[in-house]
Amino acid sequence: MHSSDDSRIETLAVHAGEHRPGPEGSVVFPIYQGTVFATQPGEGYHDIRYIRLNSTPSQQYLHGKLAALEGAEAALATSSGMAAVTTILHTLLRAGDHLLVGDTLYGGTHNFLTDHAEDLGWTYTFVDPHEPSTWAAARRPNTKAFLVETITNPLMRVGRLREVVAFAKAEGLVTVVDNTFASPVNFRPLAAGFDLVFHSATKYLNGHSDLVAGCVAGSTELVDRVRHKLNIYGGTLDPHAGFLLARGLKTLALRIGAQNANASVLASFLAGHEKVAAVNYAGLADHPDHAHASELLSGFGGMLSFRLAGGLPAAEAFLDALRLPTVAPSLGGIESLVTRPAITSHAGMSPADRERVGVTDDLIRFSCGIEHSDDLIADLTRALDKV
Ligand code: PLP
C-alpha cells in the first residue's frame, strides 16, 4: 500500500492495496487462481487460505483496494451485487426480525424481499426515504436495520441520507446503503455515518460491462460477520473476475469524473429541448432533491432519465434512431447504454405500481459512458429530430 489514508481517491484507486514490490517484482498484482494454499507450521483453522473462504492472496489484495476506496476498515468481494445484499440481510436479520427499507429499490432487492422475506421469517416496512417524520411509526421493537439506496433507479432520487443515519443511530439500527449508482467517488457512505455500504460492482466499480461482482465495506466487526455468512452460503468472487475488477478500479475516479460531466451536459441539453417533457437528474436545479443532494454528493453521477413529449411512440422511435448508445438494461460501463425501465428493470412491477412510483412506459434511462459529450449530443439531436 503506497498511499496514505489522506490520499485523494484518484491516488487510492491506483495505489491502494498494491504490493511493492509485487510477487517476482510484478508491477501488477497477478491472478492467484489456486483453490488452496499450503499450511505453514503453527497455522490453525483461521489461517486457512481456501478460495471459498475468501482468504486467497488475490481475494485479499482486492479487499484491501475496495476498503481503501470506501474509506472502510474492511471490505469483501462477492460473486454479484445480489450476493452482497442478500448476504448482508442474512447477516443482520434472524427469523422474527424486522427491516425498514426505502420504498424505491433496485428490482432484484425488491423482489428478494417481497418473494423471500416471509419464508425466512423476516418482516419489513417500506418507508419513504424523503419523509423522516414517518419513520418512527414504521419502526417496531424487533426492527434491526434500515436499508436505502444513494441514488435511486430510475428517477435519480436522493433520500434524506443524513437523517437516515441520525434516526438509525438514535434507534440502535444498523444502516445499510446500496451505493451502486453513486460510486465512492460521488458519495462515501461510511464517512457519512452508514454502517455498511454495498455495490453491484458489475456497474461503475468495474466499469467495463464485462463481469458480475459485488462488494461490501464497513467496520472489521460487521464485515467479518458478513464474510462468515458468505463463506457458508458460497457467494465468493472468482479470482479471474477479481483481477478484472481490480484493474477497473484503478480508473474509477477518471471514469466517474467523465461520466458525471457527460450526464450533467446531457441533462442540461435535454432539459432545454422542445421535444423533451421531463428530465430526472439531481444535478438540475429543478430536481426535487437538488438542494440536499448538493450537500451530500460530490458529483451527481452518470445516470439520468427523461420523458419525451410524444410519449411511448416517440420514446420507441428515439431508441430506434440512436446510434452511439446500445439499447441494453445495465449501467456504469465506459460505453453509453440506454433502456426503457418499464420493460426491463421494472417489468416485474404491476403497471399500476409503476405509474404510482413514476416509472411510466415512456421513461428512458440513460447511462452515460465516457464518449465525448459533443458526439453524444449530436447523436441525441439526430434521434430527437426523427421523433
Ligand atoms: N443494486 C443496484 C442499484 C443495481 O442496479 C443492481 C443491478 O442492476 C444490483 C444491486 C444487483 O447487482 P448484480 O446484477 O451485480 O447482482
Side-chain angles (χ1 to χ4, degrees), residues 62 66 70 75-90 101-116 129 147-159 161 176-187 189 194 196-217 226 230 233-238 241-242 244-245 248-249 256 259 263 280 282 297 300-305 326-333 337-349 357 359 363 365-368:
L62 178 60
L66 289 167
E70 284 290 1
L76 177 66
T78 60
S79 58
S80 67
M82 286 310 298
V85 61
T86 56
T87 309
I88 288 172
L89 292 178
H90 276 280
V101 58
D103 61 5
T104 325
L105 282 183
Y106 166 64
T109 313
H110 182 272
N111 294 349
F112 172 62
L113 287 173
T114 52
D115 295 351
H116 299 280
L147 166 69
V148 291
E149 297 185 356
T150 314
I151 302 176
T152 64
N153 179 28
L155 298 178
M156 312 309 150
R157 297 297 309 263
V158 179
L161 302 181
V176 184
V177 62
D178 181 338
N179 201 31
T180 301
F181 269 45
S183 92
V185 177
N186 290 326
F187 186 54
F194 280 91
L196 278 175
V197 49
F198 73 93
H199 288 262
S200 166
T202 316
K203 317 297 183 196
Y204 286 105
L205 293 188
N206 176 55
H208 294 76
S209 305
D210 55 8
L211 59 77
V212 58
C215 79
V216 180
V226 178
L230 192 75
Y233 288 173
T236 299
L237 186 66
D238 178 81
L244 287 177
L245 174 54
L249 286 173
I256 299 292
Q259 287 163 310
N280 304 303
L297 308 179
F300 297 104
M303 299 292 297
L304 60 133
S305 62
T326 301
V327 180
S330 190
L331 62 121
L337 297 179
V338 63
T339 189
R340 260 200 315 119
I343 56 164
T344 54
S345 56
H346 291 68
M349 271 171 115
V357 295
V359 184
L363 187 74
R365 188 187 79 179
F366 202 100
S367 167
C368 293

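We number each residue from 1, following the sequence as shown. When a ligand or atom number is given, it counts from 1 through the structure's own listing order.
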Mind telling me whether F187 and F194 have parallel, tilted or perpendicular rings, with 30° and 60° as the class edges? perpendicular
Kindly print each ligand 1 N/O atom paired with any protein N/O atom under 3.5 angstrom away, one pair per line, or none if nothing qualifies.
{"from": "ligand 1", "atom 1": "1 (N)", "to": "D178", "atom 2": "OD2", "distance (Å)": "2.7"}
{"from": "ligand 1", "atom 1": "8 (O)", "to": "K203", "atom 2": "NZ", "distance (Å)": "3.1"}
{"from": "ligand 1", "atom 1": "12 (O)", "to": "S200", "atom 2": "OG", "distance (Å)": "3.0"}
{"from": "ligand 1", "atom 1": "15 (O)", "to": "G81", "atom 2": "N", "distance (Å)": "2.9"}
{"from": "ligand 1", "atom 1": "15 (O)", "to": "S200", "atom 2": "OG", "distance (Å)": "2.8"}
{"from": "ligand 1", "atom 1": "15 (O)", "to": "T202", "atom 2": "OG1", "distance (Å)": "2.6"}
{"from": "ligand 1", "atom 1": "16 (O)", "to": "G81", "atom 2": "N", "distance (Å)": "3.1"}
{"from": "ligand 1", "atom 1": "16 (O)", "to": "M82", "atom 2": "N", "distance (Å)": "2.9"}

Give the minimum heavy-atom separation between Y204 and S183, together with the two atoms involved. CB-CB, 4.3 Å
State which residue, out of L155, T152, L304, fulfils the side chain to side chain contact (heavy atoms under 4.5 Å, CB included) condition with N280. L155
Between T180 (side chain) and S200 (backbone), is there a donor-acceptor pair under 3.5 Å? yes
Take V158 and F181, measure what side chain to side chain contact (heavy atoms under 4.5 Å, CB included) needs, and give me the verdict at the end. CA-CA 11 Å; V158 179; F181 269 45; over 6 Å; no
In chain order, what residues pass the side-chain hydrogen bond (donor to acceptor under 3.5 Å, both in side chains) check against T326, with sequence neighbours excluded? none
